Amino acid sequence: GSLPRSCPLPSLGSGGNSVERKIYIPLNKTAPCVRLLNATHQIGCQSSISGDTGVIHVVEKEEDLNWVLADGPHPPYMILLDGNLFNRSVLMQLKGTSRVSGLAVSIAKPNPPQGFSPGLKCPNDGFGVYSKDYGPQYAHCNTTVWNPVGSGLSYEDFDFPIFLLEDANETQVIKQCYQDHNVPRDGSGPEYPLCAMQLFSHMHAVTSTVTCMRRNSIQNTFSINPETVCDPLLDYNVWSTLQPINSSGKVDREQEVIIVATRIDSHSFFWNIAPGAESAVSSFVTHLAAAEALHKASDVHSLQRNVMFTFFQGETFDYIGSSRMVYDMEKDKFPLRLDNIHSFVELNQVALRNGSVLWMHTDPVSWMNESVQTQVRNLLDILSNSSVGANVTLQEAGYSQPLPPSSFQRFLRARHIPGVVLTDHQAAFQNRYYQSMYDTPENIRMQYPEGLSPEETLEYVTDTAKSLAEVATVVARALYRLAGGANNTSAIQADPKTVTRMLYGFLIKMNNSWFQSIIKPDLKGILGDVPQHYVAVSSPVNTTYLVHYVLANLTGTVVNLTKEECLNPDKTPNAEKELYDYAWVQGSLDPNSTTRVPYCVRSTVRLSKALSPAFELRQWGSTEYSTWTESRWKEIRARIFLVASKELEIITLVVGIAILVFSLLATHFINAKADVLFSIPRDPGAVAY
């Protein structure tokens, strides 16, 4: 129904009777754009310290902007922008005017057909391996623009708040309020009261990481209760090995290890909205499935080379995780040295294959070195041979083209390691929604039949899961061969059932029965609803925990230990705590009751820090390492309400002042004449003698 014309607005499910609830409707399902900083810039958005307010104007087609930018008589405006218009040209027009106080963006349904990526055309430029000293012809995406759809919006600085409206009902309430109060009548401005919106997202950090970290350190030195203004983006990398290694010691120099790597984080224009279906999830799920398949091979413990499964966090922000692992290896703070690395295989965006083709990318610069070339050739041959009989065709991307943005580039910066990056694109990304809110399960064509229960959806094997399982099978077989395995590999097979569960858990609903059964009881709280894969500043994030426990579940073994023994492996005989990690997980529900059957899992899964070396070294202006920080803020909220006209506000103020002056004068007059006004009259019956 329509909103009443009077000032109070209907509330969205708020009870109680306070004045505030009668005036404001809070918008609870929103995601803000926040400020991030690096060595030289600040990017993102912020509001003024007391929030920004403006009259709402709905913009559903480009022509509607004229009212906001020129014709409308009631600036500044808060724009409710249709998701299809959320692009660079529109935002740059709004950035250049003082008539806009903020932006609320509704999600486009279906995803914008032309593609939408607020990331850069050349992701992580300057932090990979190519530079003026190494393959200068490939630096700055000179030969291949990886993300041609990239508008770079996420890397602009806006001085007004921009919020995403996640709930269609809230968007509808705002539109209804606009239609009832703000629609221009016959070309002239609407009459008061008008529907307005207020957005709060004031950021504490300014200028750059150098400035904000310096302020932090001054505060920490001189203040009793220091106020931090920004925090480095940080988390943990997850890694494990096929054969156990001593995590607190050092691996022998002779021991060769094959590293398999993927990134596990993504990003979008809005804070903590990072579905990353194709940019991260498709590849790390394939990686997890390959790890499981390889662990099931019968002779893995007798292989001559070890395999290390590595999941890097924070790669979106100039390779935080991989640069830290390389730094730790160089500084002898990691069980492996760079010398131990035999070869490197990276999975990177593999869900949108054209036909069945998977592309193998190699580095054209180290290819010039003959010994590296021989090893890379061997690597490519083993991969190609492993795809025989699988529904995957491996093709070489060619030697005239550099590596796509990948963690492998950070290892190449340190030394010439033979390696390959597997992707679904030969040149530019297939992914048209790279690092955006639209990189969702629909983007990787995950489809479920109607009417399934959550449990049935979890188990339903989608075509996407089948296709990723095929890739995982090829990778697992190739790793077996690389590690020196000689047996027939046809038994090594990734399980589409596992893949489909992982896709459901990491993309649709974290809080599902499988994830519940494989995590520690005290981590129940991390299973939110819709999974997001932003690295953030408080660690570990849900993604890290879950990759850790899924990897432990798929590659570990159940051991017969009591809860006490499992939680304190130091005191348990034969536990070999240096080699293994023990986790007491809550287990699945007993079919007939509400209790769970917990058990102990032994695996080789470990966490290692993913904090950029720039912060360890206090080189906040570093050009070699990532310097991204996230600003702190006090509150983030949004609300709508009705505003009266300036005239009415002034009249109300003047009348109020007049009444105040009158009451002061009256009080003064009454006070001055109090003895006359309030004297006690004589009793007429009393007679004076």
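A quick note: this is a predicted structure, and the numbers were derived from the prediction, not measured.
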Non-hydrogen side-chain atoms of R445 and L352 separated by less than 4.5 Å
yes

Show every donor-acceptor pair shorter than 3.5 Å between a side-chain atom in residues 556-568 and any protein atom, with sequence neighbours excluded, or say none if there are none.
| from | atom 1 | to | atom 2 | distance (Å) |
| --- | --- | --- | --- | --- |
| T562 | OG1 | E565 | N | 3.2 |
| T562 | OG1 | E565 | OE1 | 3.4 |
| E565 | OE1 | T562 | N | 3.0 |
| N568 | ND2 | E564 | O | 3.3 |

With rounding to the nearest 0.5 Å, note down the distance linking CG in L403 to CG in L412.
6.0 Å

Salt bridge (charged side-chain N to carboxylate O under 4.0 Å, His left out) between R324 and E616, worked out:
CA-CA 10 Å; R324 178 56 187 261; E616 293 281 305; 3.6 Å; yes

Are K520 and Y549 packed together at the side-chain level, in the sense that at least one heavy-atom pair is separated by less than 4.5 angstrom?
yes

Ignoring hydrogens and geometry beyond distance, is a side-chain donor-acceptor pair present between N431 and Q349 at under 3.5 Å?
yes

Can you label the angle between the Y504 ring and the Y448 ring as parallel, tilted or perpendicular, going by 30° and 60°?
perpendicular

Does a donor on one side chain and an acceptor on the other come within less than 3.5 Å for Y433 and E442?
no

Atom CG in N237, atom CD1 in I264: separation rounded to 0.5 Å?
7.5 Å

Students often mix this up, so state it plainly: with edges at 30° and 60°, are the rings of F309 and H287 parallel, tilted or perpendicular?
tilted

Is there a donor-acceptor contact under 3.5 Å linking the side chains of D318 and W628?
yes

We want to know whether Y480 and D299 form a side-chain donor-acceptor pair, criterion being a heavy-atom distance below 3.5 angstrom.
yes

Between L527 and I519, is there a side-chain heavy-atom distance shorter than 4.5 Å?
yes

Check the side chains of S322 and E315 for a donor-acceptor pair under 3.5 angstrom, ignoring hydrogens and angles.
yes

Between R501 and E459, does any NZ, NE, NH1 or NH2 come within less than 4.0 Å of an OD or OE carboxylate oxygen?
yes

Measuring from atom CZ of R337 to atom CG of D332, what distance do you get when rounded to the nearest 0.5 angstrom?
6.0 Å

Is it the case that S406 and N348 place a side-chain donor and acceptor less than 3.5 Å from each other?
no

Aromatic plane relationship, F284 with F506 - under 30° parallel, 30 to 60° tilted, over 60° perpendicular
perpendicular

For the residue pair E396 and W359, confirm or rule out a side-chain donor-acceptor distance under 3.5 Å.
no

Answer yes or no: is there an ion pair linking K296 with E292, defined by an N-O contact shorter than 4.0 Å?
yes

Under a 3.5 Å threshold, yes or no: a donor from one side chain and an acceptor from the other, between S356 and T393?
yes

Could you state the interatomic distance from CD (E470) to CG (L358), rounded to the nearest 0.5 Å?
11.0 Å

Any salt bridge linking D231 with R632? Criterion: basic side-chain nitrogen under 4.0 Å from a carboxylate oxygen.
yes

If you compare all heavy atoms of S453 against all heavy atoms of T457, which two are closest, and at what distance to 0.1 Å?
O-OG1, 2.7 Å

If we ignore hydrogens and angles and just use 3.5 Å, is the side chain of D252 paired with the main-chain N or O of E254 as donor and acceptor?
no

So, N511 and Q516: side-chain donor and acceptor under 3.5 Å apart, yes or no?
yes

Without hydrogens or angle criteria, can the side chains of R263 and Q313 be said to hold a donor-acceptor pair below 3.5 Å?
no

In Å, rounded to the nearest 0.5 Å, how long is the span from CZ of R481 to CG of N378?
11.5 Å

Stacked cation flag R602 on Y580, 6.0 angstrom / 45 deg:
yes

Measure the spacing between NE2 of H342 and CD of Q255 and express it to the nearest 0.5 Å.
11.5 Å

Parallel, tilted or perpendicular: which describes the rings of W239 and F334, with under 30° parallel and over 60° perpendicular?
tilted

With a 4.5 Å cut-off on side-chain heavy atoms, are L607 and V238 touching?
yes

Least distance between heavy atoms, M325 atom then S608 atom:
CE-OG, 3.8 Å

Whether the D235 and T544 side chains hold a donor-acceptor pair (N or O, under 3.5 Å, no angle test) is what I'd like checked.
yes

Would you call the rings of F411 and F344 parallel, tilted or perpendicular, where under 30° means parallel and over 60° means perpendicular?
tilted

Hey, is D339 close enough to R415 for a salt bridge, meaning N to O under 4.0 Å?
yes

Which of these, P118, S436, S117, sits in a side chain to side chain contact (heavy atoms under 4.5 Å, CB included) with S154?
P118

Sort out for me which residue in S279, S266, S282, S268 forms a side-chain hydrogen bond (donor to acceptor under 3.5 Å, both in side chains) with D439.
S279

